[in-house]
Amino acid sequence: QVQLVESGGGLVQPGGSLRLSCAASGRTFSSYAMGWFRQAPGQEREFVARIHWTEGLTANAGSVKGRFTISRVNAQNMAYLQMNSLQPDGTAVYYCAATQKDELAPSDYDYWGQGTQLTVSS
């Protein structure tokens, strides 16, 4: 069992930045790949970024590549999503997730947080 809690969402103007945090507990954090997903109103949950559990290899969705950076600090059981150059289409609930599979689809993730709201608006 892994418990995940996201934080750091809020209201940001276009062009602004935020860092989301994900605190994990329960099992060995370093055994899991960590992913960030988002879900906008009326849309399916989509992949944003993933970081591998051992090698630090990362993958980003094409829509956020160059603007978002995923990272983790295993000693603190924390994962982060740094978001720069935010635009209104980034408005969504952002979810932290964990998996022992090295995959990118939401269905591959076993544990999910409750989500944190990001709103990008003038």
Side-chain angles (χ1 to χ4, degrees):
Q1 185 78 3
V2 175
Q3 296 172 325
L4 305 173
V5 180
E6 305 95 336
S7 62
L11 176 63
V12 182
Q13 293 183 329
S17 298
L18 269 184
R19 187 179 72 166
L20 304 182
S21 299
C22 175
S25 62
R27 292 188 178 271
T28 303
F29 176 73
S30 61
S31 297
Y32 293 83
M34 301 298 298
W36 285 96
F37 295 80
R38 65 186 180 186
Q39 188 167 17
Q43 300 186 28
E44 297 294 319
R45 191 168 300 185
E46 66 172 341
F47 168 78
V48 175
R50 181 268 288 149
I51 185 165
H52 198 266
W53 57 86
T54 58
E55 299 165 346
L57 298 176
T58 61
N60 291 358
S63 60
V64 305
K65 190 169 295 183
R67 299 186 296 116
F68 289 14
T69 303
I70 188 170
S71 62
R72 66 192 299 165
V73 181
N74 288 344
Q76 299 293 330
N77 289 355
M78 295 290 294
Y80 303 96
L81 183 68
Q82 177 66 47
M83 304 179 292
N84 300 325
S85 301
L86 286 164
Q87 298 300 316
D89 62 2
T91 296
V93 177
Y94 284 72
Y95 297 90
C96 177
T99 181
Q100 291 185 304
K101 304 174 183 177
D102 191 16
E103 302 292 343
L104 306 180
S107 60
D108 294 319
Y109 286 75
D110 303 305
Y111 304 100
W112 295 83
Q114 295 297 309
T116 185
Q117 175 72 47
L118 171 67
T119 302
V120 185
S121 176
S122 299

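Along the sequence shown, residues carry numbers from 1. Scope of the values below: all heavy atoms of this structure, side chains included, with no hydrogens, waters or symmetry mates.
- If you chain together hydrophobic residues whose side chains sit under 4.5 Å apart, Leu18 and Tyr80 never meet in one group.
- In this structure, the separation between CD on Glu6 and SG on Cys96 is 5.5 Å, given to the nearest 0.5 Å.
- Remark: the Asn84 side chain and the Gln82 side chain contain an N/O donor-acceptor pair separated by less than 3.5 Å.
- Relative to the six-membered ring of Tyr95, Arg45 meets both conditions, a distance below 6.0 Å and an angle of at most 45° to the axis.
- Using the six-membered ring where Trp is involved, Phe37 and Trp112 have ring planes that are tilted, between 30° and 60° apart.
- Using cut-offs of 30° and 60° for the angle between ring planes, the Tyr94 and Phe68 rings count as tilted.
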*Run the side-chain contact (heavy atoms from CB on, under 4.5 Å) check on Met34 and Cys22 step by step: do they pass?*
CA-CA 9 Å; Met34 301 298 298; Cys22 175; 4.0 Å; yes
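- In terms of heavy atoms, Leu4 sits closest to Ala24 at CD2-CB, 3.6 Å.
- Taking 4.5 Å as the limit, some side-chain heavy atom of Val48 sits within range of a side-chain heavy atom of Leu81.
- Taking the ring centre of Phe29 as origin, the terminal cationic atom of Arg72 falls inside the region bounded by 6.0 Å and 45° from the ring axis.
- Taking both residues in full, the closest heavy atoms of Leu104 and Ala59 are given as CD2-CB, 4.3 Å, listed atom of the first, atom of the second, then distance.
- Interatomic distance, OG1 of Thr69 versus CG of Asn60, reported as 6.5 Å (0.5 Å rounding).
- Using a 4.5 Å heavy-atom cutoff, the side chains of His52 and Arg50 are in contact.
- Nearest approach of Ser31 to Gln100, heavy atoms of both residues: O-CG, 3.7 Å.
- Here the closest non-hydrogen pair linking Thr99 and Asp108 is OG1-O, 2.7 Å.
- In this structure the side chain of Arg38 reaches within 4.5 angstrom of the side chain of Ser63, judged on heavy atoms.
- When side chains are defined from C-beta on, Trp36 does not count as touching Phe47, because their heavy atoms never get closer than 4.5 Å.
- Judged by distance alone, with hydrogens and angles left aside, the side-chain atoms of Ser30 form no donor-acceptor pair with the main-chain N or O of Asn74 at under 3.5 Å.
- Taking OG of Ser17 as the reference point, atom CZ of Arg67 lies at 10.0 Å (rounded to 0.5 Å).
- For the residue pair Met78 and Ser21, the shortest heavy atom distance occurs at CE-CB, 3.8 Å.
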*Passes side-chain contact (heavy atoms from CB on, under 4.5 Å), Met83 versus Leu118? Steps please.*
CA-CA 11 Å; Met83 304 179 292; Leu118 171 67; 3.8 Å; yes
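- Inter-residue side-chain proximity for Ser7 and Leu20 is flagged as unmet; no heavy-atom pair is nearer than 4.5 Å.
- Looking at heavy atoms from C-beta onward, Ser121 lies out of side-chain contact with Gln13 at the 4.5 angstrom threshold.
- Residues Val93 and Gly115 come closest through the heavy atom pair CG1-CA, 3.8 Å.
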